[in-house]
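Here the structure is laid out as structure tokens; the discussion comes afterwards.
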Number of protein chains: 2
Amino acid sequence: MSSQPNEDVESQTQQPLLGHNSQFSLANASSQVAIVGANVCPIESLDYEIIENDFFKQDWRARGKIQIYQYLFMKWALCFLVGLVVSLVGFFVNLAVENIAGIKFVVTSDMMLAGRYGLAFLVFAASNFVLTLFASTITAFISPAAAGSGIAEVKAYLNGVDAPQVFSLRTLVVKIIGSISAVSSSLLVGKAGPMVHAGASLAALMGQGGSKKYGLTWKWLHYFKNDRDRRDLVTCGSAAGIAAAFRAPVGGLLFAFEEMASWWRSALLWRAFFCTAIVAIMLRAFIDICYSGKCGLFGTGGLIMYNVTSENVVYHLSDMPPVLLLGIIGGILGSLYNFILDKVLRLYSLINEKGIVYRIILACSISVFTSCLLFGLPWFASCQACPRDAKEDCPTIGRSGNYKKFQCASNQYNDLASLIFNTNDDAIRNLFSQNTDKEFHGSSMLIFFVTCFFLSILSYGIVVPAGLFVPVILIGASYGRYVGMLIGSHSNLDNGLFAVLGAASLLGGSMRATVSLGVILLELTNNLLLLPLIMVVLLISKTVADAFTANIYDIIMKLKGFPYLEAHVEPYMRQLMVADIASGPLQYFQGIEKVGNIMHVLRTTRHNGFPVIDEPPLSEQPVLFGLILRAHLIALLKKKAFISTPVSTGIDAFDRFSSVDFSKKGSGRVEEVEDIVLTDEEMEMFIDLHPFSNASPYTVVETMSLAKALILFRQVGLRHMLVIPKLPGRSPVVGILTRHDFMPEHILNLHPLLRKSKWKRLRFRLPRLKNCFDASMQLTAGSSLSIGR
Amino acid sequence: MSSQPNEDVESQTQQPLLGHNSQFSLANASSQVAIVGANVCPIESLDYEIIENDFFKQDWRARGKIQIYQYLFMKWALCFLVGLVVSLVGFFVNLAVENIAGIKFVVTSDMMLAGRYGLAFLVFAASNFVLTLFASTITAFISPAAAGSGIAEVKAYLNGVDAPQVFSLRTLVVKIIGSISAVSSSLLVGKAGPMVHAGASLAALMGQGGSKKYGLTWKWLHYFKNDRDRRDLVTCGSAAGIAAAFRAPVGGLLFAFEEMASWWRSALLWRAFFCTAIVAIMLRAFIDICYSGKCGLFGTGGLIMYNVTSENVVYHLSDMPPVLLLGIIGGILGSLYNFILDKVLRLYSLINEKGIVYRIILACSISVFTSCLLFGLPWFASCQACPRDAKEDCPTIGRSGNYKKFQCASNQYNDLASLIFNTNDDAIRNLFSQNTDKEFHGSSMLIFFVTCFFLSILSYGIVVPAGLFVPVILIGASYGRYVGMLIGSHSNLDNGLFAVLGAASLLGGSMRATVSLGVILLELTNNLLLLPLIMVVLLISKTVADAFTANIYDIIMKLKGFPYLEAHVEPYMRQLMVADIASGPLQYFQGIEKVGNIMHVLRTTRHNGFPVIDEPPLSEQPVLFGLILRAHLIALLKKKAFISTPVSTGIDAFDRFSSVDFSKKGSGRVEEVEDIVLTDEEMEMFIDLHPFSNASPYTVVETMSLAKALILFRQVGLRHMLVIPKLPGRSPVVGILTRHDFMPEHILNLHPLLRKSKWKRLRFRLPRLKNCFDASMQLTAGSSLSIGR
């Protein structure tokens with residue numbers, strides 16, 4: 001253990017990049033809103049490197065064919081289970097929402113039919129209020145991490161950012177129940193995002209390798225106690241989530257791979273495909289059950305599926321100008337949506353920081369405001385005569401239908417109420433419907449669009465599980481249909497088609513995926529002939545929106561302070577050497593280290609990896625032996641595998657350990673060094689770190705450009721990357737790079753001159769984040785470090 | 001230059017792993033058939049590493065914003081162009097095939113109508129013979145690399161294997177024209193594979209950065225003179241190829257990413273999506289033109305699109321058993337298909353090795369055999385009465401239609417002739433058609449299935465451009481429909497549906513993709529409700545087939561001797577250290593090296609990368625400076641940038657060079673050291689290699705497991721990986737790993753004991769390949785190497 005640098009380390013603690021000035025504040029860290037300026041320290045990096053130490057190698061060699069088959073079998077069995085359970089959850093959520101919201105609308109409609117408008121409003125507003133109160137209370141008190149959509153958290157996890165509580169059982173339960181009540185309460189929030197989060201949580205919980213707490217310690221599950229296998233499962237789970245939310249197995253799969261996953265490989269694609277296939281088949285079976293009318297108000301409409309295929313869509317090249325126009329408007333609207341949402345979330349965070357009660361009050365006020373708008377606005381719309389050839393009853397009586405009577409006479413309906421005083425799924429179905437060009441007034445459509453746009457932005461940040469997909473589709477469809485009305489007879493396209501294209505354009509403008517959104521829309525509308533048009537719209541809107549703001553999930557991740565590692569390289573990174581970033585004193589251990597030193601370092605730093613360097617007399621000159629992880633050190637200390645003299649222990653050290661001791665704990669669970677109590681005598685003993693150190697860490701030379709190092713770091717999915725010197729005769733390792741060192745904010749802080757350089761590509765200049773990012777971050781020694789004993 | 005190891009190198013040349021015992025034999029290397037045992041030496045590895053030398057850094061810093069925008073603009077403009085041209089080519093191929101084959105069938109049908117059966121056969125067989133002769137002659141003489149499907153070659157290229165002539169202009173032209181005549185000649189070959197190859201070639205040619213030969217040296221194109229940008233373009237091109245072949249923009253995109261590409265990233269996905277969107281829109285526009293009847297016999301059917309949506313498909317869980325059965329049979333049939341195809345290709349290679357004339361004779365015999373079968377077999381089928389409610393004329397007269405009259409009476413048709421005496425596209429359309437359960441006899445279907453199965457295997461290996469997609473769909477659809485007939489009323493599913501599922505199962509069993517094939521089938525059949533069934537079938541057939549044989553493209557790549565780098569790690573690789581593989585003497589250069597030494601090494605080895613090591617007096621002890629590429633050395637030698645004394649030249653060395661001198665030449669083009677002529681005086685001079693050496697190559701420590709090193713090698717896309725010693729005091733680099741070192745054949749050769757180990761996962765034990773794989777392969781020094789001067 002180097003003896004001198006401790007003071008240096010302490011003196012560095014004022015810097016924002018240091019890890020151990022953190023205070024845990026779980027509530028803030030994970031709520032959707034109280035984010036800016038919050039201290040989100042418990043975030044950890046994941047580690048996808050193959051740890052090659054003698055102990056693991058021994059363990060691996062001991063595994064026979066049977067274990068390999070066990071592992072293979074479990075991999076697919078877990079996927080099957082994830083698909084099965086996610087489809088059950090998806091079906092349950094849809095069923096519950098349709099029934100709760102359906103009963104609400106039926107009861108209020110009945111009252112309005114009887115002319116008791118005041119009572120109807122009271123019942124409507126009160127039930128919404130109660131549902132929102134329930135959703136926000138369980139979210140705020142039980143699991144703040146369940147607020148919001150959750151897609152950003154899952155995306156960050158798949159990038160290697162492990163935020164606390166995101167995948168806990170508690171969050172899962174709150175997410176599902178909260179989502180049901182929030183959506184049923186007529187808040188303008190979606191259920192797709194929460195489904196993705198729920199799917200990912202389910203997968204993460206299943207892949208956690210059992211639970212000691214609940215006595216689930218099946219041996220077969222141990223193989224999954226590592227970050228790589230968990231990442232694969234979470235990818236499958238999130239694909240299954242979207243697949244269940246939209247009944248779009250291929251679209252869900254693609255969304256998980258295009259938008260959420262940071263690492264792809266064909267083998268994983270097949271496993272995820274298997275998972276979404278299970279979802280598709282199960283949902284199909286559930287719908288068969290509902291066809292027989294056993295699902296209450298769920299009806300036979302199927303899980304959301306807006307069939308547009310009434311007839312063959314015909315379009316020609318001459319229809320392109322309006323399509324291009326939709327793409328451009330969608331891009332602008334989408335980036336505007338992201339921009340305003342960003343501002344509103346920052347504003348909300350000020351309110352939410354004041355306490356849990358404020359959060360609940362905010363949520364309830366939004367609910368009351370929403371109820372007033374939904375009930376009040378239709379009064380401004382004029383009544384329309386029922387079409388004679390309507391396929392459904394008109395006006396709709398006694399059920400949640402398309403031709404809402406509202407205040408109108410007996411053979412009339414209120415077109416605005418059909419949209420606004422309805423469930424979101426029904427509203428989308430109405431907007432997408434074809435041959436209904438005359439069903440809606442332009443003014444109603446405009447009112448609906450503006451209402452949705454702002455209500456959705458206001459509703460997202462409150463403390464309930466809230467998705468963004470459905471609101472964005474709703475906004476997009478309404479503006480698209482409005483544009484279609486304006487263009488009118490100048491185009492051959494149906495207004496329903498315009499609505500679909502509008503939805504595509506806003507999705508592209510806000511979420512910036514292309515292929516997956518296109519396929520999701522296809523699977524929703526069930527019309528493949530639309531594909532070329534949807535493709536064009538998505539590409540244009542994404543391109544336009546990219547010029548203004550970032551992807552909505554990136555914005556949320558930034559607000560939450562997740563250190564997301566981008567795939568692309570900022571231009572200035574090509575101008576920086578690794579040595580320019582890796583600086584500061586380096587903490588390392590000797591191959592055979594004193595227990596007291598280890599305890600001291602673990603207590604005073606929060607680094608997660610330490611180089612192990614053999615020094616004289618162990619070797620002739622200092623030699624880099626490897627890298628040891630904090631978690632493994634704590635496991636060694638807990639087992640008290642100490643030796644009284646500093647000599648090598650060899651292979652018999654392994655007898656005391658099983659591989660489970662070193663396996664990675666579930667997401668967010670870390671063993672703390674504070675739990676270890678040692679006697680003074682033990683503190684003077686030694687540990688042979690050699691068998692437990694990763695003897696072949698990935699290294700880069702200090703003169704490598706940061707851009708090139710980032711490619712290795714990100715492609716291989718590392719947590720620690722050792723920097724070795726160019727010239728010999730110095731310390732064998734001159735620094736450690738972690739995720740934190742590649743964050744543009746950190747680099748620009750270290751080298752402020754780069755801010756002005758022509759090479760900058762950052763779109764947002766965010767307030768300097770106070771987060772500690774990754775506790776594993778190491779202050780690393782430059783060339784000036786003299787290795788002392 | 002180390003002086004002593006040359007004898008060692010020479011003594012090693014008997015080993016099959018050495019590169020410089022190669023003889024170029026282009027014809028053999030690239031023909032589809034003459035493969036096994038052939039010497040395929042000119043294959044090169046591609047290099048996706050960022051080369052960081054002083055010269056490139058200087059050049060990069062000199063680039064301003066305008067250059068960056070130029071580059072961005074060109075990236076998208078090239079994509080647009082690729083999409084545009086590929087759609088033109090795709091349309092042209094379809095138009096030509098439909099018209100040539102159509103006229104042939106119309107003429108023969110007319111003759112048969114007049115009762116002149118003998119003449120009809122003569123005309124039919126003769127036109128087939130002439131078309132095949134033409135296709136095989138141009139392929140054999142002008143570009144043997146154009147034979148076969150080409151998907152394997154493109155897949156290998158995207159993995160980093162650069163086979164010669166694969167992307168030349170010549171190959172492109174032969175591929176397109178040859179494919180048209182081969183498909184028109186009623187050979188059972190497809191046009192999708194050739195379309196993919198054509199699309200990839202087009203993209204590669206466009207991304208070649210201009211051509212000095214044709215005076216195309218636009219400055220903007222220079223930015224694409226590297227392997228990374230070319231790889232991206234080729235990925236887009238191959239996606240566009242499938243998209244154009246099947247009018248399946250999303251399916252094509254996914255196929256390129258799932259089956260062909262080895263590296264994915266979201267940004268590339270968007271660019272490829274843009275490219276396939278252009279294809280989709282252009283094809284749509286062309287079809288608009290054809291609707292007005294200007295395309296001859298092309299008709300209004302659209303480019304292949306087998307519309308199955310006659311009505312809503314209804315199925316329940318009870319329909320699953322037959323679907324599962326189809327999946328299992330498809331998997332077995334698919335692996336059987338691959339197995340027999342492998343054997344036939346090996347047999348053909350014996351014939352084809354004898355000379356070009358033998359190849360053409362083989363092709364023509366297959367054509368005659370095919371003509372006999374197609375014309376002869378329908379005579380065995382009995383005539384059927386025309387259905388009364390037929391939507392088309394029955395029997396079809398005077399055009400290529402569904403109800404072939406053949407030898408039947410005036411109100412009858414021959415069901416086997418409708419399938420077999422027809423274009424492949426029409427046959428597939430017939431098989432997929434719904435509500436036609438009574439149109440076909442079981443016996444006809446069985447005959448058709450068996451004929452297709454064997455004809456397709458026999459036809460693939462001959463020397464014409466030949467795809468596999470359409471034959472496999474045809475075989476699958478016929479067996480699926482036959483199974484449907486056998487099951488009959490025990491299932492609610494339509495026979496047309498069984499045909500679609502059968503096609504899916506055989507595609508899955510043979511090509512082993514899942515998502516992309518599912519989407520392609522969806523886009524072909526235009527019925528999204530089939531999706532869950534197709535997903536199940538694909539997954540089952542892939543799983544079943546994986547147990548028996550490899551993917552068909554992998555088989556072809558193995559036969560061709562392409563050193564394809566798998567994404568997965570063989571289990572025994574975890575037991576091997578890097579030092580176990582990297583062995584033998586190492587060739588390296590000093591920082592300032594004598595010209596004569598460089599010339600000698602370049603002439604006597606075919607290595608493509610050499611470590612640059614600074615030794616005393618340049619430094620106190622040997623230091624690894626970097627890695628220099630053979631191509632860059634040749635560029636230096638050509639410019640004669642020599643110095644008379646061994647001193648560092650510094651930055652002024654750059655004035656003589658422009659970045660174009662060092663840019664990568666187009667695929668398959670290598671500068672030869674033999675072209676350089678130097679005087680004796682020049683041979684005594686020196687070159688300062690420092691500014692041109694990659695100063696930060698990726699390195700691994702010699703104790704790293706091969707599995708872990710492979711992850712880095714493959715994820716980052718390297719060509720050379722330097723091995724550094726664990727302990728200091730030895731040579732600073734102890735070996736170089738190249739693609740060759742990760743090939744299972746090579747490793748098992750070095751360590752034959754592994755063959756018996758329980759860790760082996762190889763499915764095929766291929767005859768030991770005589771290929772030299774990668775000329776860049778280096779014999780590398782173990783720890784015993786003493787660094788001499």
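Just so we're on the same page: letters track the sequence lines, and every chain starts at 1. Hydrogens, waters and symmetry mates play no part in the numbers below; they use all other heavy atoms, side chains included.
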Measure distances from B/Thr543 to the heavy atoms of chain A and classify the residue's part below 4.5 Å as side chain, backbone, both or neither. neither
Per-residue contact mode, B/Glu49 against chain A (heavy atom under 4.5 angstrom):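 Only the side chain of B/Glu49 comes within 4.5 Å of chain A.
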Closest approach of [X] and [Y], non-hydrogen atoms and distance?
| X | Y | result |
| --- | --- | --- |
| A/Ile281 | B/Met320 | CD1-CE, 4.2 Å |
| B/Leu539 | A/Trp270 | CD2-O, 4.0 Å |
| B/Ser696 | A/Val701 | CB-CG1, 3.8 Å |
| A/Ile711 | B/Val716 | CG2-CG1, 4.0 Å |
| A/Thr276 | B/Met535 | OG1-CE, 3.5 Å |
| A/Tyr698 | B/Lys708 | OH-O, 2.7 Å |

Under the 3.5 angstrom rule, does the side chain of B/Glu52 hit a backbone N or O of A/Ser705 as a donor-acceptor pair? yes
Is a donor on one side and an acceptor on the other found under 3.5 Å between the side chain of B/Lys726 and the backbone of A/Ala695?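 Yes; judged by distance alone, with no hydrogens or angles, the pair exists.
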So is A/Lys542 actually on top of B/Phe274's ring, under 6.0 Å and inside 45° of the axis?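 Not satisfied by the 6.0 Å and 45° rule.
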Can you tell which of A/Ile534, A/Val279, A/Leu712, A/Val700 has the highest number of heavy-atom pairs within less than 4.5 Å of chain B?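 Highest number of heavy-atom pairs under 4.5 Å: A/Leu712.
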Working to the nearest 0.5 Å, report the span between [atom1] of [X] and [atom2] of [Y].
| X | Y | atom1 | atom2 | result |
| --- | --- | --- | --- | --- |
| A/Leu522 | B/Leu531 | CG | CG | 11.0 Å |
| B/Ser266 | A/Met260 | OG | CE | 12.0 Å |
| A/Arg265 | B/Trp264 | CZ | CH2 | 10.0 Å |
| B/Leu254 | A/Leu254 | CG | CG | 5.0 Å |

Contact class of [X] relative to chain B, heavy atoms under 4.5 angstrom:
| X | answer |
| --- | --- |
| A/Asp614 | neither |
| A/Ile278 | neither |
| A/Ile50 | both |
| A/Leu624 | backbone |

